[in-house]
**Q** 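There's a structure below that I have some questions on.
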Number of protein chains: 6
Amino acid sequence: MLPLFLRPSRRAHHEMRSVEFAPAYLTHPDGSCLVKFGGTHVLCSAFLEERTAPFLRGSGSGWITAEYALMPGSTRPRADREVTRGRPSGRTQEIQRLIGRALRASVRLPDLGERQVKIDCDVIEADGGTRVASICGAYVAMAHCLKKAVVKGTLKTYPVHDSVAAISCGLVQGQVLLDLDYAEDSSAETDANFVFAGSGALVEVHAMGEKATFSKENFTEMMILAESATQAIKKLQDKALEET
Amino acid sequence: MLPLFLRPSRRAHHEMRSVEFAPAYLTHPDGSCLVKFGGTHVLCSAFLEERTAPFLRGSGSGWITAEYALMPGSTRPRADREVTRGRPSGRTQEIQRLIGRALRASVRLPDLGERQVKIDCDVIEADGGTRVASICGAYVAMAHCLKKAVVKGTLKTYPVHDSVAAISCGLVQGQVLLDLDYAEDSSAETDANFVFAGSGALVEVHAMGEKATFSKENFTEMMILAESATQAIKKLQDKALEET
Amino acid sequence: MLPLFLRPSRRAHHEMRSVEFAPAYLTHPDGSCLVKFGGTHVLCSAFLEERTAPFLRGSGSGWITAEYALMPGSTRPRADREVTRGRPSGRTQEIQRLIGRALRASVRLPDLGERQVKIDCDVIEADGGTRVASICGAYVAMAHCLKKAVVKGTLKTYPVHDSVAAISCGLVQGQVLLDLDYAEDSSAETDANFVFAGSGALVEVHAMGEKATFSKENFTEMMILAESATQAIKKLQDKALEET
Amino acid sequence: MLPLFLRPSRRAHHEMRSVEFAPAYLTHPDGSCLVKFGGTHVLCSAFLEERTAPFLRGSGSGWITAEYALMPGSTRPRADREVTRGRPSGRTQEIQRLIGRALRASVRLPDLGERQVKIDCDVIEADGGTRVASICGAYVAMAHCLKKAVVKGTLKTYPVHDSVAAISCGLVQGQVLLDLDYAEDSSAETDANFVFAGSGALVEVHAMGEKATFSKENFTEMMILAESATQAIKKLQDKALEET
Amino acid sequence: MLPLFLRPSRRAHHEMRSVEFAPAYLTHPDGSCLVKFGGTHVLCSAFLEERTAPFLRGSGSGWITAEYALMPGSTRPRADREVTRGRPSGRTQEIQRLIGRALRASVRLPDLGERQVKIDCDVIEADGGTRVASICGAYVAMAHCLKKAVVKGTLKTYPVHDSVAAISCGLVQGQVLLDLDYAEDSSAETDANFVFAGSGALVEVHAMGEKATFSKENFTEMMILAESATQAIKKLQDKALEET
Amino acid sequence: MLPLFLRPSRRAHHEMRSVEFAPAYLTHPDGSCLVKFGGTHVLCSAFLEERTAPFLRGSGSGWITAEYALMPGSTRPRADREVTRGRPSGRTQEIQRLIGRALRASVRLPDLGERQVKIDCDVIEADGGTRVASICGAYVAMAHCLKKAVVKGTLKTYPVHDSVAAISCGLVQGQVLLDLDYAEDSSAETDANFVFAGSGALVEVHAMGEKATFSKENFTEMMILAESATQAIKKLQDKALEET
């Protein structure tokens, strides 16, 4: 198929933005990572806390939970702080729950003992795809944190059994595009996020056609692009973790 | 593949529960419907309000929004009212946003003028699949409401261009099952919800493998079952709407 | 006195609407009842919980508490969900407290042990008198729940020592009317609710003359009508409980 | 009837506490009054605001609304501030609504024009009967405020057509008592509040038998005592208003 | 320097308003005091609670905490209750924290054992300087409360090692003034509050030049006036405490 | 005086940490700056909004407001997000109000017209002194934003009439120290923050002796150190602004 649509970013339809991981970016957390997907920058941190989630007390098992926020200066116009409204928006809660589920899929929770990993993803600069960048960076921060816990002897075995990476796709003017930036995302008819394990299995798929429905063929094409992109991201994650 | 897993409900793996729509169930709303998916009963209502969503004021276009709640007596143990905590849970917000997106995909919003359809889905009895039942019933309540608005002359043209229906699938002990009830849902490794338009196009896909990842083959099998089920539901919706 | 005022409902001034109780209406609660007072329909459920109210811990005694809500589709215009404002309105809290007090008056709380009955009254259709209908239905749901607890052996003795029923009265154009529907209630100068025990004793009286004050004679006339009506309702409650 | 029960206060069963009104107690409000019912002291203030309640905008009519609070040092143990929980309790809301209704019954609201009287009742010392003392003091503060508005020419006619006064009664060990203090109130089986207009008509009756039901005879006896007591209070109110 | 600015109050620039303390003003708290700084009246109460602040559990040490509010009728226009907004304003929180810090500076917290003094400062009439009047009155209420605890044997030693008193200063039209009333405060370029211990040491200094910056010389002049004024207030506090 | 106390940081008592400003750090805001005071890093951004604060509507004048937050990963243990509690803490509100006041002291607000500058200070790494670092960085972000507004023609004149800079001091073991880091701050008896204008005038002084009172001599010594340090910071601010 001829490239019907010229991306504002001049990227090919299957071309990802430059992806970078700066692990151990912060002083205080147990693990941390600054992740960049082009103009989207997310600061991810991980703390290993000595008590598990309330509903797991007494179970011997651990938990992984995540929080997400846009910093006010990360967007234009300014993103209002959610504390001003008194509660996280529906969008924020959806993203937080997604990040938590994705990370839990990669960890043997009983191997944590009654501990909890608290992940924070704070978007410093937003240019589309903040939730998938957050998952990719959060994985590095969490793995960094848990590796240190094994070295320190807090954990006996490294509980991470697989990696996770995520990427967005979309349909713009009927054409499937990989890794949409903000300008592309705003004009997309369909928006899809894929989370893949390093092993190639699916962790989560979420495709929404609010502005227009989409065909199974388009959906399959997006899934194939996403699988390949997450494999490339996995290599960058592994390399970043080697540096820590 | 041999049926490895006997469903608690004794249904075949591709067998839906009995689905029923009782349209015009309530006196006061503009449209309403009681929908039953086996032991899951949801009361759906629709009001057409003479002002659109705040962000659309002056645009000439309308909006469709949805709210969802479990009635306290719909589950065991009792479902706490969310007003007690002071805000809807993350799960409730996800479901409300999903119902709204699904319905908007079926309507030409500019044809509403600056009006808003407010949908409510209140679960009276819960036995799994409340969000997909809600979408199916909400479509009937909304269509009922909009048909009446055309008859009364409030709307010049009927703005619904397609129907929407939804169904859940899941993986239990490695086997793909259609329309999980609560007992099945609790033991599912993967949980997927599909929203299809009556035309056969996809509206929304959301598959989550929190307890275990899943293969593309499993995913495809779920999508095929769901497509067929939503076609069957569409017929029941059409029939219910004829009665109103 | 000649009938000076013709009721919109064409009922005689001392005539109650048709009252029906459908006990055991729901699957999951320990007790439940759908109650109808004409066009007012309330779904009542009761759960017996194995811990008492916080202020009674260690006292050996139980408690009965109630919550009440209008479903959004129960009125016209739509009743906004109270979770949206973040808290129950003053009206809702008054009604919840009234239902709880009325039911506690009928039960020997120490015979519950350290258990709590949680009652929910959700109005599905509203046409005036929702609070008195709620009390009548809640009594049936609670008695249903507690009878089952005796049968199961959770409770040694049936702790209900009397029944409770309630009815509204009002003054419209100077005339005392029984069981006002919405149209009548809106034009009433004085609004009164009476809760009587089955034994004929008073449980609660609340009469308000916001639009106009009222005489002791009017008040006495309302009380006499209410006493007689609650005796009639008691018979229907007893019959409904026999069916369970 | 022989005095079966000796009141802790040594008062006769039909004897009210010493009641005092100190009008114009505060500098800033338009009207104010410190009211004392024995050891219960309530500071009442009234402001006449130049805009009516939101639901009356454009109606030409005014409104009267009230707020109530226990000061933290008014009770033992300390009364927690409701701002700490983020919202007024059900009890506070009930009392606020009661005070507002009682005052509105004494005023021709259209004569206010599109203005609102905001009443505040802050309990400085609590020893039972704070809600009835609040109504009595609030009436004086409101009348003080509205008389000044007539003098200043803001209002053309004095809109108060009747006075209001309130008193509590109760049943303790089967005996009817007037004006219960805290020690008596804590042991009462039945608690009743009566609001009478100066003309002798009833404004509001609220009797609750949570600990025990009560007979119509007891109720009637309470109503007679209350009527007489409110007539006595009316004289003190009138005298206080003459002083302003 | 010539008096360039005639104070609306006709006071000399270094002249304090009449300051009065009425200790033991309330019945229920362990300690209390009504303090007046001219037209500013604050009701202060203190309760000694048998459990310390949560973060000190197990430390053997006590805590002192304070709450502050403007009563609605204390100002013109009316001061809205903060419970209506659901939370204390930033201003209220600043004042509460200031009062608590000031009082803690005067007490050996370990001598309280695991107990907490809860101070409440409720402004009945406001005419400028409510926060400094609150500190002065709160000290008397607290000392009153702790002296009684020694007499009753709850505390072995009197834990107050120094007194605290506070006063405001300001710059109006370039001139330093002591103890500003509301009219002066509203036109001040710089607003400063000083808390001194009875020993003459500083406890807290807070000077703000929002409308105009200020020189070190002005600042020093304000500090000197404040020191002298707090010594005078200390004598009144001591005398008030002797009366209790 | 001999150096009695060896600072953990090995700095001399009057020695500031290395201070750096990276202006124009972010893409989307109108002005921005990353400021570092040693291990304390704060990301400051400024947006110029086309409407002023609500209380200034119609006044022709502008406003400057600030918000502040600790990022969860900026401290150890993790700083909980304030949105989780539903509101900013008292400490956060104090800091936000302080930053706003300090910046407003440097700007002729009428020269903004009816516009508002919204400043955000988000602490990425915290090692003591976050509020003074925030003021210093916020000034650079604001000045950057307003200079651009002059260049673009939105503002006719540059409304900043003076610079502002802030620094903390403290007393540790009786010795006055400049610019405390977290380890020093935790053991300080007295904590003081000074805001100076570039012109040398005082903008705000806040000194608190919660753990111990302090003498006027100590206070004066702190003020002198602070004045000199803010002059040094002013030079770095000017240089950073030249680069933009």
Side-chain angles (χ1 to χ4, degrees), chain D residues 24-34 38-51 65-89 92-93 96 116-127 137-138 141 145 182, chain E residues 24-34 38-51 65-89 92-93 96 116-127 137-138 141 145 182:
Chain D
Y25 192 82
L26 295 172
T27 307
H28 301 298
D30 294 310
S32 63
C33 176
L34 174 66
T40 288
H41 304 180
V42 187
L43 204 36
C44 304
S45 64
F47 287 91
L48 182 61
E49 298 185 343
E50 282 298 313
R51 54 177 187 178
T65 184
E67 296 187 7
Y68 165 97
L70 291 170
M71 272 186 41
S74 68
T75 61
R76 185 166 193 89
R78 177 179 179 272
D80 286 342
R81 277 175 213 277
E82 299 197 326
V83 71
T84 309
R85 297 173 58 221
R87 61 194 201 195
S89 68
T92 293
Q93 290 194 56
Q96 297 184 152
Q116 181 167 245
V117 185
K118 272 209 179 148
I119 306 286
D120 288 285
C121 298
D122 286 88
V123 180
I124 287 179
E125 300 256 32
D127 186 25
C145 158
Y182 181 75
Chain E
Y25 191 82
L26 295 172
T27 308
H28 301 298
D30 294 309
S32 63
C33 177
L34 174 67
T40 288
H41 304 180
V42 187
L43 202 36
C44 304
S45 65
F47 286 90
L48 181 62
E49 298 186 342
E50 282 299 312
R51 53 179 190 178
T65 186
E67 296 187 7
Y68 164 98
L70 290 171
M71 272 185 41
S74 68
T75 62
R76 185 167 194 88
R78 177 179 178 272
D80 285 342
R81 278 174 213 276
E82 299 196 326
V83 71
T84 309
R85 296 174 58 223
R87 61 197 203 193
S89 68
T92 292
Q93 290 194 57
Q96 296 185 153
Q116 183 166 245
V117 185
K118 272 210 179 147
I119 306 286
D120 288 284
C121 299
D122 287 89
V123 180
I124 286 178
E125 298 256 34
D127 187 25
C145 159
Y182 181 75

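Quantities reported herein were computed from a predicted structural model and do not represent experimental measurements. Order of the sequence lines sets the chain letters (A, B, ...), proteins ahead of strands, with each chain counted from 1.
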**Q** When you compare the side chain of D:Ile124 with that of E:Ile124, does any pair of heavy atoms fall below 4.5 Å?
**A**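 Touching, per the 4.5 Å side-chain cut-off.
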
**Q** Which distance, rounded to the nearest 0.5 Å, do you find between the OG1 of E:Thr92 and the CZ of D:Arg81?
**A**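 If I round to the nearest 0.5 Å, the distance is 9.0 Å.
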
**Q** Are more than 12 heavy atoms from other residues, nucleotides or ligands located less than 6.0 Å from atom CZ of D:Arg85?
**A**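 Yes - once you tally the heavy atoms of other residues, nucleotides and ligands closer than 6.0 Å, there are more than 12.
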
**Q** Under a 4.5 Å heavy-atom cut-off, does chain E meet the side chain of D:Asp127, its backbone, both or neither?
**A**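 For D:Asp127, there is no contact with chain E at all, as no heavy atom is under 4.5 Å.
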
**Q** Counting N and O atoms only, with roles assigned by atom type, does the side chain of E:Glu125 sit under 3.5 Å from a partner on the main chain of D:Thr27, one being a donor and the other an acceptor?
**A**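 The answer is yes, because a donor-acceptor pair under 3.5 Å joins these two groups.
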
**Q** Would you compute the distance between atom CZ of E:Arg78 and atom CG of D:Leu48 and round it to the nearest 0.5 angstrom?
**A**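 CG of D:Leu48 is found 13.0 Å from CZ of E:Arg78.
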
**Q** Return the option, out of D:Gly86, D:Ser45, D:Ala46, with the maximum number of heavy-atom pairs under 4.5 Å with chain E.
**A**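 With the most close heavy-atom pairs to chain E, the winner is D:Gly86.
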
**Q** Non-hydrogen atoms of chain E under 4.5 Å away: do they reach the side chain of D:Ala126, the backbone, both or neither?
**A**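 Contact with chain E involves the backbone of D:Ala126 alone.
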
**Q** Determine whether more than 12 heavy atoms belonging to other residues, nucleotides or ligands lie under 6.0 Å from atom CZ of D:Phe47.
**A**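 Yes, the 6.0 Å shell around CZ holds more than 12 heavy atoms from other groups.
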
**Q** For the residue pair E:Val83 and D:Glu67, establish whether any side-chain heavy-atom pair is separated by less than 4.5 Å.
**A**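 In short, these two side chains do not touch, never coming nearer than 4.5 Å.
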
**Q** Is E:Arg87 close to chain D through its backbone or its side chain, or both, or neither, when contacts mean heavy atoms under 4.5 Å?
**A**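 When you check distances to chain D, only backbone atoms of E:Arg87 fall under 4.5 Å.
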
**Q** Would you mind checking which part of D:Ser32 comes under 4.5 Å of any heavy atom in chain E, side chain (CB onward), backbone (N, CA, C, O), both or neither?
**A**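 No part of D:Ser32 comes within 4.5 Å of chain E.
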
**Q** Which bit of D:Leu43 is near chain E, if near means a heavy-atom gap under 4.5 Å: side chain, backbone, both or neither?
**A**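 Contact with chain E is through the side chain of D:Leu43 alone.
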
**Q** So which part of D:Ser74 gets closer than 4.5 Å to some heavy atom of chain E, the side chain, the backbone, both or neither?
**A**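 The backbone, not the side chain.
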
